[in-house]
Amino acid sequence: MRTKLIVANWKMNYSVTEALKFLAAFHREINEIENCEVVFCPPFTALYAMEETLEGTPFKVGAQNMHWEDSGAFTGEISPFFLKEMGVQYVILGHSERRQLFGETDGEINKKLMAALHQNIIPIVCVGETDKEHKEGKTFDLVNLQMKKALEGQNKTDLPNIIWAYEPIWAIGTGKNATPEQAQEVIQSMRKELSKTTNAPTAETMRILYGGSVSDEKAKGFLKQPDIDGFLVGGASLNPQKFAGIIRATQRPQ
Ligand code: 13P
């Protein structure tokens, strides 16, 4: 059975002070979790303070991006080695905002994935189609291609450690989420692809998340789908009550 995973992608929101204020409010909502993992991905500047504050709690911390080299002349970049040393356990890779706004290529995502696996940082690799591609019926081919390019040349034994996130770009920050059935169909096809790259039992153990306008009200509907293992949450993760509501949707009824 796959443990549900809820990831908060704060994007470029919350300074250190704001992040700690969020955590105080969040802890008033929820302290214990059962059969579920929760990861906060704040901006780099808040990682250390959050890591310290969350020590001894079930909540973990991840980065939103990283470079593929451990050190060197790469002004403004952050090394996987630095993240690992700080205790960061997860990293989001290939988010559509990085692909679209910062020109991140499949080749770079492939190198970042290799570096994360090398450092034993759990990668959360994002894939997803634009509105145009969605309307043209290209979703399945595009998502498969993005996965294939990310996986090229990776060490086979590392593949089960990869977490995938299906984030249709037309659903990000728009309030226009995919339906649970649409997301299930794409995520099921992703698992099928993974069973070809690995094998069926391994693909069954790998976690695949949905992201795009996830809210506390809608979470349960997605979680009823057999292949959706949790969420990558943007906007709603900035609100302690709403984010706690999404986590509660994964918990067994009392
Ligand atoms: P929203 O939840 O704001 O749509 O953002 C989704 C996202 O991009 C998470 O990575």
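Remember, predicted model here, so these are calculated numbers, not experimental data. When a ligand or atom number is given, it counts from 1 through the structure's own listing order.
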Using a 4.0 Å cut-off to any heavy atom of Gly235, which atoms of ligand 1 qualify?
1 (P), 2 (O), 3 (O)

Please tell me whether Asn110 and Lys149 have a donor and an acceptor in their side chains that are separated by less than 3.5 angstrom.
no

Between Glu37 and the options Lys4, Gln89, Lys60, the side-chain hydrogen bond (donor to acceptor under 3.5 Å, both in side chains) test singles out Lys60

Within-cut-off N or O pair, Ser213 and ligand 1, under 3.5 Å
yes

Name of the residue among Phe231, Phe40, Trp10 meeting ring pair (Phe, Tyr, Trp, His ring centres under 6.0 Å) with Phe243
Phe40

If you measure from each heavy atom of Gly173 to ligand 1, is any distance below 4.0 Å?
yes

Closest protein heavy atom to atom 9 (C) of ligand 1, given as residue, atom name and distance to 0.1 Å
Glu167 OE2, 2.9 Å

Considering both backbone and side-chain atoms of Glu97, is one of its nitrogen or oxygen atoms within less than 3.5 Å of a nitrogen or oxygen in ligand 1?
no

Quick one: do the Glu129 and Tyr166 side chains pair a donor with an acceptor below 3.5 Å?
yes

Shared ILVMFWY cluster between Val127 and Val7, side chains joined below 4.5 angstrom?
no

Work out whether the distance between some heavy atom of Gly211 and some atom of ligand 1 is less than 4.0 Å.
no

Measure Asn9 to ligand 1 on non-hydrogen atoms and call it side chain, backbone, both or neither using the 4.0 Å cut-off.
side chain

If you scan protein heavy atoms around atom 2 (O) of ligand 1, the nearest is Gly234 N, 2.9 Å

Pair His95-Glu167, side-chain donor/acceptor within less than 3.5 Å:
yes

Where ligand 1 meets Ala171 - atom numbers and elements under 4.0 angstrom, heavy-atom basis:
4 (O)

Within-shell test, Gly175 vs ligand 1, heavy atom, strictly < 4.0 Å
no

Taking atom types as modelled, find out whether Asn35 and Gln251 have a side-chain donor-acceptor pair closer than 3.5 angstrom.
no

